[in-house]
2 protein chains.
Amino acid sequence: MVKYCSDLTDRSSFIWKKYTVSPEPIPFRKISKRSQNQKIILKAAEKVFAEAGFAGATTQLIADVAGLPKANVHYYFKTKEELYRRVVYNIFDTWMEAASAFDTALGPKEALSRYIDMKMDLARSHPYGSKVWAAEIMHGAPIIQDYLEGQLLDWSKDRGQHIERWIKNGEMDPIDPAHLLYLIWSTTQHYADFGHQIETLNGGRPFSDAQWKAAKRSVKTIILKGVGLTPD
Amino acid sequence: MVKYCSDLTDRSSFIWKKYTVSPEPIPFRKISKRSQNQKIILKAAEKVFAEAGFAGATTQLIADVAGLPKANVHYYFKTKEELYRRVVYNIFDTWMEAASAFDTALGPKEALSRYIDMKMDLARSHPYGSKVWAAEIMHGAPIIQDYLEGQLLDWSKDRGQHIERWIKNGEMDPIDPAHLLYLIWSTTQHYADFGHQIETLNGGRPFSDAQWKAAKRSVKTIILKGVGLTPD
DNA sequence: ATATTTTTTGACTATATGGTCAAGTATTGT
DNA sequence: ACAATACTTGACCATATAGTCAAAAAATAT
């Protein structure tokens with residue numbers, strides 16, 4: 001699967017190779033230190049951006065969470081905005097990779113089922129990224145607008161056409177594909193973005209493995225039946 | 001329907017009456033000016049908080065949007081946090097009022113159908129409030145936690161019990177009520193919170209009346225069929 | 001060994017912003 | 001008319017924070 005915008009680390013090593021005269025092997029010790037620290041900072045930033053918002057996130061707090069002095073954060077990421085960009089790009093990449101789980105070669109039941117599973121897994125494994133994404137969209141997608149108009153639109157159109165084909169073939173009930181996609185996105189991401197509310201209504205306790213399993217099951221059941229498919 | 005936390009305006013006029021000796025009629029000119037300005041400020045604040053987040057919202061910008069000098073905003077609302085509180089309380093009130101549309105005296109089909117309609121209407125009429133709510137929850141509900149644990153939990157439990165009764169009576173398919181509620185909340189609110197993304201995928205144009213109608217229809221169709229009911 | 005590059009970090013600065021204040025204006029009560 | 005109260009607003013201040021910098025330490029190349 002193609003990585004669209006992240007992996008600047010690898011790219012910078014590539015640039016380094018390109019513009020350096022030496023044909024020697026990549027000094028991976030340095031590269032590794034760079035990418036290692038960047039990874040730590042990005043992870044901390046994702047958490048802080050998710051919990052405090054872009055404006056509320058201070059580089060000092062990000063540094064603290066990363067366990068580094070603030071100046072060090074600015075050494076690896078020139079500005080807060082650049083750091084934020086990278087976080088947003090990363091989650092978009094992750095999601096686009098997962099989007100391949102919507103495999104139209106399979107029938108509608110399997111394709112939708114696997115896609116929902118994948119999105120639920122991501123909601124559980126990447127809750128901070130999901131929240132950062134939600135905030136980015138809510139604020140008008142100042143950073144990610146190009147990707148919405150490009151890759152996301154392309155992907156949606158493509159999957160929409162497949163859904164329409166399934167409908168024409170009588171493999172599922174007629175439904176506007178766009179609304180079906182929105183319903184899947186919203187429902188699955190809700191378990192990340194509104195995790196706090198769900199936890200509160202769950203007696204203040206986070207979901208157990210069994211509860212996550214039940215959640216996936218419930219979501220799949222309603223959606224599949226909702227479009228005329230028979231869940232297992 | 002009871003108002004839970006807003007209407008400080010009315011309450012302050014009540015206090016005024018209480019502690020003033022005069023038995024004269026309420027000087028509604030002043031009160032009206034107060035509540036009028038507060039309303040303007042609250043509306044501006046809702047928009048700015050939604051678009052910029054709590055930390056990103058400046059009192060100066062709120063004042064500009066409201067068309068007032070900043071000091072005037074602080075005259076009516078001591079602190080930014082107090083203003084934010086009021087905005088959050090207002091949307092919670094609005095939603096709790098709408099929650100009565102989930103009328104369990106009706107059958108499951110009518111109750112769910114009307115509730116979804118109501119939530120979709122609110123997503124359209126109160127998109128800023130919805131976004132502020134989403135951000136509040138994503139940041140751990142620092143302001144509204146009490147209400148989650150109180151009224152929202154109570155309401156959810158109550159409606160959950162009714163849903164379970166319907167299931168026991170064979171009026172709808174067995175489904176965990178909590179997940180059904182989450183699915184309804186997430187799907188409907190998505191049209192507000194991710195309105196920008198939806199608009200982008202809609203060719204950059206906001207939904208027309210017809211598209212909103214279609215959206216409501218699609219959502220209701222999938223959810224009702226998803227729980228074994230037959231949408232009209 | 002020594003030069004060179006990369007990384008670390010405390011100290012510093014410029015700026016933005018929440019909130020205050022006092023002086024003035026409008027409104028209302030008597 | 002006049003006193004009292006409510007509202008308006010420009011100017012101001014204290015603080016927080018993104019970003020800089022220079023000096024040193026560490027790693028790497030030759």
Side-chain angles (χ1 to χ4, degrees), chain A residues 8-9 12-13 15-17 19-41 44-45 48-49 52-87, chain B residues 8-9 12-13 15-17 19-41 44-45 48-49 52-87:
Chain A
L8 251 186
T9 292
S12 68
S13 79
I15 287 168
W16 183 89
K17 273 173 77 180
Y19 289 102
T20 302
V21 187
S22 98
E24 274 85 28
I26 309 166
F28 78 90
R29 181 69 177 286
K30 278 190 184 172
I31 294 295
S32 139
K33 178 130 211 178
R34 263 197 99 73
S35 73
Q36 193 181 322
N37 277 342
Q38 285 183 337
K39 216 166 270 177
I40 290 170
I41 294 168
V48 175
F49 282 133
F54 177 79
T58 65
T59 53
Q60 182 63 64
L61 181 54
I62 293 170
D64 291 347
V65 172
L68 297 168
K70 188 181 71 154
N72 209 336
V73 170
H74 275 98
Y75 173 71
Y76 286 110
F77 300 92
K78 221 57 183 160
T79 65
K80 187 166 89 157
E81 185 181 315
E82 185 190 322
L83 182 49
Y84 174 74
R85 285 189 125 82
R86 290 287 305 276
V87 170
Chain B
L8 252 185
T9 293
S12 69
S13 80
I15 287 168
W16 184 88
K17 273 173 76 180
Y19 290 102
T20 302
V21 188
S22 96
E24 273 86 28
I26 309 167
F28 77 90
R29 180 73 175 283
K30 278 188 184 173
I31 293 295
S32 139
K33 178 131 210 176
R34 259 196 103 72
S35 72
Q36 193 181 324
N37 277 343
Q38 285 184 336
K39 216 168 270 178
I40 290 170
I41 294 168
V48 175
F49 281 133
F54 176 79
T58 65
T59 53
Q60 183 63 64
L61 182 54
I62 291 170
D64 291 348
V65 172
L68 297 167
K70 189 179 70 155
N72 209 334
V73 170
H74 276 98
Y75 174 72
Y76 285 109
F77 300 93
K78 220 61 184 156
T79 66
K80 186 165 91 157
E81 186 182 314
E82 184 190 323
L83 182 49
Y84 174 74
R85 285 189 125 82
R86 289 287 305 276
V87 169

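Chain naming here is simple, since letters A, B, ... match the order of the sequence lines and numbering starts at 1 in each.
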Closest non-hydrogen atom pair between A:Ala57 and A:Ala52, with its separation: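 Looks like N-CB, 3.8 Å.
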
Where A:Ala63 and A:Pro69 come nearest, the two heavy atoms and their spacing: CB-C, 3.9 Å

Selection residues 56-75 of chain A - residue pairs positive for ring pair (Phe, Tyr, Trp, His ring centres under 6.0 Å), sequence neighbours left out: none

Positive for side-chain contact (heavy atoms from CB on, under 4.5 Å) with A:Asn37, one of A:Arg34, A:Lys33, A:Lys39: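 Going through the options one by one, the only one that passes is A:Lys33.
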
Protein-to-nucleotide contact annotation, 5' to 3' order, nucleotides 14-22 of chain C [B base; S sugar-phosphate only; - none; under 4.0 Å, heavy atom]: ---SBBBB-

Parallel, tilted or perpendicular: ring planes of B:Phe49 versus B:Phe54, cut at 30 and 60 degrees: parallel

Can you tell me if [X] touches the phosphate of [N], counting only side-chain N or O atoms and a distance under 4.0 Å to OP1 or OP2?
| X | N | answer |
| --- | --- | --- |
| A:Tyr76 | C:dT6 | no |
| B:Asn37 | D:dA6 | no |
| B:Arg34 | D:dA6 | no |
| A:Tyr75 | D:dC21 | no |

Positions of residues 61-69 of chain A (non-hydrogen atom under 4.0 Å from DNA chain D), listed by number: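 By residue number: none to list.
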
Between [atom1] on residue [X] and [atom2] on residue [Y], distance to nearest 0.5 Å:
| X | Y | atom1 | atom2 | result |
| --- | --- | --- | --- | --- |
| A:Glu82 | A:Arg86 | CD | CZ | 7.5 Å |
| B:Ile41 | B:Thr59 | CD1 | OG1 | 11.0 Å |
| B:Lys70 | B:Asp64 | NZ | CG | 10.5 Å |

Nearest-Å distance, [atom1] ([X]) to [atom2] ([N])?
| X | N | atom1 | atom2 | value |
| --- | --- | --- | --- | --- |
| A:Lys33 | D:dA25 | NZ | C1' | 11 Å |
| A:Asn72 | D:dA25 | CG | P | 16 Å |
| B:Ile41 | D:dC7 | CD1 | C1' | 11 Å |

